[in-house]
Amino acid sequence: MDGVTVIDHPLVQHKLTIMRRKETSTGSFRRLLREISTLLCYEVTRDLELTMETIETPLQTMESPILEGKKLVFASILRAGNGLLEGMLDLVPSARVSHIGVYRDHETLQPVEYYFKAPEDISERLIIVVDPMLATGNSSIAAIDKLKERGAHNIRFLCLLAAPEGIKNFRDAHPDVPVFTASIDSHLNEKGYIMPGLGDAGDRMYGTK
Ligand SMILES: O=P(O)(O)OC[C@H]1O[C@H](OP(=O)(O)OP(=O)(O)O)[C@H](O)[C@@H]1O
Ligand SMILES: O=c1cc[nH]c(=O)[nH]1
Ligand SMILES: [Mg+2]
C-alpha cells in the first residue's frame, strides 16, 4: 500500500501476538507496548540523515557519523500514545515531546480535542506522531491537522494496528504523511473497533475497564 510500511520484524510480530491475547494482564500489556515501541522506533528512524563530526577517541581523532539537524519531536496522542512514547524516549532520550489530547466520542466516532502542547519551532523539526491505534483515522487526522496549523510539515505517523478503512481516510487527508504500522488488520466492526485487533488500547494499558 502506497505510503504505508508494515514493520514485520519477528520480535515485533511475536510481542504483538501476546498483546492481542485477551488474557494478557495490564502490567504485561504495558511492558510489551514499551518494548515493542523501541523496535518500531528503530524502523521509523531508519533513514534519518547523518552528518560527519570530528571526535577524539581515547586513541586518535576520527570522523564519525552523528544525527543531522534539530532534535526530533515525538507527538503523543493521549492517552494511549503515551505507551508508545515511553519506549521511543528510551531510544531517543533527547527528543522533544508534544502532547495532543484527543479522544473519540463512542457514539459518533468523531474526535474530541482537549489539550495541545508542542515546541514552538515544530516547523523546523521532524515530528513522529504516535498512537497505537488507527481505526477510523479521525483522531490521528485531527491531531495532525493541529500540528500542521502550527507549522509542522515534516511528519510521520507510527501506530501498532491499523484498519484498512482508517488508512484510506488518513492517506486521503494527509497524503504527505507516511504511515508505519506493525499490522494492517481485517476491518472495523460496527462500533469502530479494529478487528481482530486487541480491544481498547488505552483501557488495556491503564486497566480502566
Ligand atoms: O482512528 P480512530 O477511530 O479515531 O480511533 C483511534 C483512537 O481511539 C483510541 O483512543 P481513545 O479515543 O480510546 O482515547 P484514549 O486513548 O484516551 O483511551 C486510540 O488510542 C486512538 O487515539
Ligand atoms: O480497536 C480500537 C479502535 C479504537 N481505539 C482502540 O483503542 N481500539
Ligand atoms: Mg486516544
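First listed ligand is number 1; within each ligand, the first listed atom is number 1.
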(request) Kindly indicate, with the supporting measurements, whether the criterion side chain to side chain contact (heavy atoms under 4.5 Å, CB included) is fulfilled by R96 and L72. (result) CA-CA 6 Å; R96 307 310 191 229; L72 303 180; over 6 Å; no

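- For ligand 1, one of its N or O atoms has an N or O atom of G137 under 3.5 Å away.
- Taking a cut-off of under 4.0 Å to the non-hydrogen atoms of D200, the atoms of ligand 1 that pass are 13 (O).
- Follow the hydrophobic side-chain contacts under 4.5 Å out from V102 and you reach V179 in the same cluster.
- Within ligand 1, the atoms closer than 4.0 Å to a non-hydrogen atom of M133 are 6 (C), 19 (C), 21 (C), numbered from 1 in the order shown.
- Transitive grouping of hydrophobic side chains (ILVMFWY, heavy atoms separated by less than 4.5 Å) keeps L40 and I127 in distinct clusters.
- Not one N or O of Y114 is nearer than 3.5 Å to an N or O of ligand 1, by distance alone.
- Near D131, with a cut-off below 4.0 Å to any heavy atom, the atoms of ligand 1 are 19 (C), 20 (O), 21 (C), 22 (O).
- Of all protein heavy atoms, the one lying nearest to atom 2 (C) of ligand 2 is Y193 CD2, 3.4 Å.
- Those atoms of ligand 2 with a heavy atom of D200 less than 4.0 angstrom away are 6 (C), 7 (O), 8 (N).
- Judged by the shortest distance from any of its heavy atoms, L109 lies outside the 4.0 Å radius around the atoms of ligand 1.
- Those atoms of ligand 2 that come under 4.0 Å of a heavy atom in A201, given as number and element, are 6 (C), 7 (O).
- Of all atoms in ligand 2, numbered sequentially from 1 with element shown, those under 4.0 Å from a heavy atom of R104 are 3 (C), 4 (C).
- In terms of N/O distances under 3.5 Å, ligand 1 is not approached by D203.
- Heavy-atom contacts of G192 reach the following atoms of ligand 2: 3 (C) (cutoff under 4.0 Å).
- The distance criterion of under 3.5 Å between nitrogen or oxygen atoms is not met by V102 with respect to ligand 1.
- Residue-ligand proximity, A80 to ligand 1, at heavy-atom distances under 4.0 Å covers atoms 16 (O), 20 (O).
- In this structure, D185 contributes its side chain and G197 its backbone to a donor-acceptor pair below 3.5 Å.
- For the side-chain contact (heavy atoms from CB on, under 4.5 Å) criterion with K15, the lone passing option out of L160, L33, L39 is L39.
- Per-residue contacts place A135 under 4.0 angstrom from the following atoms of ligand 2 (heavy atoms of the residue considered): 3 (C), 4 (C).
- With ligand atoms numbered from 1 in the order given, ligand 2 contributes 1 (O), 2 (C), 6 (C), 7 (O), 8 (N) to contacts under 4.0 Å with heavy atoms of G199.
- Taking the ring axis of Y115 as reference, the NZ or CZ atom of R79 does not stay both within 45° of it and closer than 6.0 Å to the ring centre.
- Here the shortest heavy-atom pairing between I77 and S140 reads CD1-CA, 3.8 Å.
- Put simply, CG on L158 and CD1 on I7 are 6.0 Å apart, with the number rounded to the nearest 0.5 Å.
- Ion pairing between a basic and an acidic side chain is recognised when a charged N comes within 4.0 Å of a carboxylate O; D176 and K148 show such pairing.
- Cluster annotation: Y206 is not connected to L78 through the hydrophobic network of ILVMFWY side chains, with a link wherever side-chain heavy atoms come within less than 4.5 Å.
- Where the criterion is an N or O separation shorter than 3.5 Å, residue side chain and backbone included, I194 meets it with respect to ligand 2.
- For F157 and F170, the ring centers sit closer than 6.0 Å to each other.
- Not one N or O of S140 is nearer than 3.5 Å to an N or O of ligand 1, by distance alone.
- The shortest N/O to N/O separation between Y103 and ligand 1 does not fall below 3.5 Å.
- Side-chain atoms of E43 never come within 3.5 Å of backbone atoms of D8 as a donor-acceptor pair (strictly under, hydrogens ignored).
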